[in-house]
Amino acid sequence: MKAPTPRGLALALLLRVEMGGRAQHLLDRALDRLDWPERDKAYVTHLVYGALRRLRLLDFLLEPYLKAPGKLPKEVRWALRLGALEWLLGKPDHARVSPWVEEVKGRHPGFAGLVNAVLRRLRPREAPECVRLSLPDWLCEAWRGFFGDVAFAEGFNEPAPLFVTAYREVDLKPGPIPDSYVWERPKTDFPALGLQPQNPASLFAAALLEPKPGEKVLDLCGGAGLKAFYLAAKGAEVVSYDLNAKRQEAGAKTARRLGLRVAYRTQDLREPLPEKAKKVLLDAPCTGTGTFRAHPELRYRLAKEDPKEMALLQLQLLETAAQATEEGGLLVYAVCSLTEEEGEGVARAFLERHPGFRPEPFFCPLPVLRQGLGVYVAPQGGLDGFYYLRLRKVDSRA
Ligand SMILES: C[S@@+](CC[C@H](N)C(=O)[O-])C[C@H]1O[C@@H](n2cnc3c(N)ncnc32)[C@H](O)[C@@H]1O
């Protein structure tokens, strides 16, 4: 069988994303197995992420030249989108058109002429803002209403630096908060170097608990325990709870490799916990609208009702977290989402029912998109969008 070209691999991966796969996972798996030069791997990544991040805009640019784009063979449609992406990014015709025509010739020869003609005819076209940002209209409008402006979403289209949290002394470029660094080499066996890939906005949720040596901390919805690693490294005694035992097993392995002690317990957190602590972190499941940079396909899969539905689960989990917080203690609620419902909406509903908790102010060293009861972090400079609410339990009777 003919070895795939980087363009051919990008086409194949995009077809799999269209069938429901996750781009990041598919790319990692495919590229790990290939001994291609880094340049070629980076090109595949650039094409896959680029096409998904600008999908609505690419379809808008192609629209005047295609009668029924939905009826084209899927590979032809992706080849057109990728050719349009390279046009948008300023690649000259001679380096852009014939390579995509060749890819199509090998798969659907009858469409090679069409691809050639369309890619040569592309012209600038003024797109509405939500199309330019490749956001679904419902989310774009909700963001415009809540944040006043949606321009921040352009941050999702920036290339993502790879951030790592360091559990050893390292000589790397510092990230935007302590313990966070930028990894500028090819991916590697990170735990062997005392490193854990982690977005600084995610790390900051754990830092907000200000963990002290010997303190007991509950890490709720801890998943593999990425935030638990940080808390344990600061000397806290961490118990990490999650529903997903498989994720926890993988986390326990990484914790051992990093030389950190984390206790894992598997439980559905809609049920009360058997223990309490002065410090509790709830990193709740969410719609992930702050992670469109790393997961560009997610935006096309969400429905308008999802944030509201997710907020109901988040409130239930926050109830468990509140009960597990000792009087005088700190409770941090975090989500990697930027919707009103999952952030301020949850905060308002929770505080109405729990007058014994009050928001505990904090300084946010990351770019702030909006501040209310909690803080929304802007997805800028490679940061994921996040919402944090820090609460103090002042009276356990109320
Ligand atoms: C945002 S992720 C957590 C990421 C993790 N804290 C980290 O830093 O890597 C949300 C987690 O909530 C867990 N989860 C969802 N519903 C749950 C439930 N009812 N009870 C316990 N965990 C749940 C998921 O398994 C997932 O690991």
Side-chain angles (χ1 to χ4, degrees), residues 22 24-25 162-165 167 177 179-180 190-191 195-209 211 217-234 236 238-255 257-258 260 262-275 279-292 294-295 298 302 306-307 309-324 331-339 342-343 346 377 379 383-389:
R22 286 180 296 133
Q24 192 177 53
H25 175 72
L162 179 58
F163 292 104
V164 292
T165 304
Y167 294 107
I177 55 170
D179 301 306
S180 181
F190 290 108
L195 302 172
Q196 172 62 50
Q198 186 175 32
N199 196 274
S202 158
L203 176 63
F204 186 63
L208 272 174
L209 270 187
V217 176
L218 298 178
D219 170 40
L220 307 186
C221 292
L226 262 54
K227 296 180 178 69
F229 299 162
Y230 171 85
L231 298 164
K234 296 292 169 195
V238 191
V239 189
S240 185
Y241 279 87
D242 200 279
L243 193 60
N244 188 329
K246 235 170 134 184
R247 229 178 252 181
Q248 292 185 306
E249 270 165 41
K253 220 159 116 190
T254 311
R257 294 189 67 203
L258 290 170
L260 299 169
V262 174
Y264 287 92
R265 307 225 199 296
T266 311
Q267 188 189 306
D268 186 334
L269 291 165
R270 287 170 296 182
E271 303 297 329
L273 281 170
E275 58 184 324
K279 300 226 168 136
V280 178
L281 171 64
L282 173 61
D283 185 25
C286 66
T287 56
T289 55
T291 66
F292 288 167
H295 305 291
L298 197 56
L302 289 173
D306 289 346
E309 276 169 26
M310 199 50 97
L312 294 176
L313 172 62
Q314 289 156 347
L315 266 171
Q316 258 184 304
L317 298 169
L318 195 49
E319 197 63 48
T320 305
Q323 282 173 25
L331 166 57
V332 169
Y333 167 77
V335 280
C336 55
S337 183
L338 294 174
T339 65
E342 299 168 273
V346 165
V377 162
L383 293 174
D384 282 341
F386 251 84
Y387 175 79
Y388 317 110
L389 172 69

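In each ligand, atom 1 is the first atom listed, and ligand 1 is the first ligand listed. Please read these numbers as outputs of a predicted model, since none were measured by experiment.
- In this structure, Gly222 is part of the shell of residues with a heavy atom less than 4.0 angstrom from ligand 1.
- Numbered from 1 in the order shown, with element, the atoms of ligand 1 that lie under 4.0 Å from a heavy atom of Gly223 read 27 (O).
- Nearest protein neighbour of atom 19 (N) of ligand 1, counting heavy atoms only, is Asp268 OD1, 3.0 Å.
- Closest to atom 25 (O) of ligand 1, if we only count protein heavy atoms, is Asp242 OD1, 2.6 Å.
- A donor-acceptor contact shorter than 3.5 Å links the side chain of Thr320 to the backbone of Leu269.
- Checked by atom type and distance alone, the side chain of Tyr333 never pairs as donor or acceptor with a backbone atom of Gly343 at under 3.5 Å.
- Gln196 places no side-chain N or O within 3.5 Å of a backbone atom of Val164 that could act as its donor or acceptor partner.
- Nearest protein heavy-atom contact of atom 9 (O) of ligand 1 is Leu226 CB, 3.5 Å.
- Judged purely by atom type and a 3.5 angstrom limit, Gln323 has no side-chain atom pairing as donor or acceptor with the backbone of Leu273.
- Looking at atom 2 (S) of ligand 1, its nearest protein heavy atom turns out to be Asp283 O, 4.1 Å.
- Side-chain polar atoms of Thr339 and Thr289 form no donor-acceptor pair below 3.5 angstrom.
- Listed by atom number, the atoms of ligand 1 under 4.0 Å from Ala284 heavy atoms are 1 (C).
- In terms of protein heavy-atom proximity, atom 8 (O) of ligand 1 is nearest to Lys227 NZ, 2.8 Å.
- Of all protein heavy atoms, the one lying nearest to atom 15 (C) of ligand 1 is Pro285 CG, 3.5 Å.
- Backbone and side-chain nitrogen or oxygen atoms of Leu243 are examined, and one is located within less than 3.5 angstrom of a nitrogen or oxygen of ligand 1.
- Checked by atom type and distance alone, the side chain of Lys279 pairs as donor or acceptor with a backbone atom of Leu209 at under 3.5 Å.
- Aromatic ring centroids of Phe386 and Phe204 lie 6.0 Å or more apart.
- At the top of the distance list for atom 27 (O) of ligand 1, counting protein heavy atoms only, stands Arg247 NH1, 2.6 Å.
- Under the 3.5 Å distance criterion, the side-chain polar atoms of Tyr264 are left unmatched by any main-chain donor or acceptor of Gly223.
- Counting heavy atoms closer than 4.0 Å to ligand 1, residue Gln267 contributes backbone atoms (N, CA, C, O) but none from C-beta onward.
- For atom 14 (N) of ligand 1, the closest non-hydrogen atom on the protein side is Cys221 SG, 4.0 Å.
- Using modelled atom types, one side-chain atom of Gln267 and one backbone atom of Pro272 make a donor-acceptor pair closer than 3.5 Å.
- Heavy-atom contacts of Arg270 reach the following atoms of ligand 1: 19 (N) (cutoff under 4.0 Å).
- Less than 4.0 angstrom separates some heavy atom of Asn244 from each of these atoms of ligand 1: 25 (O).
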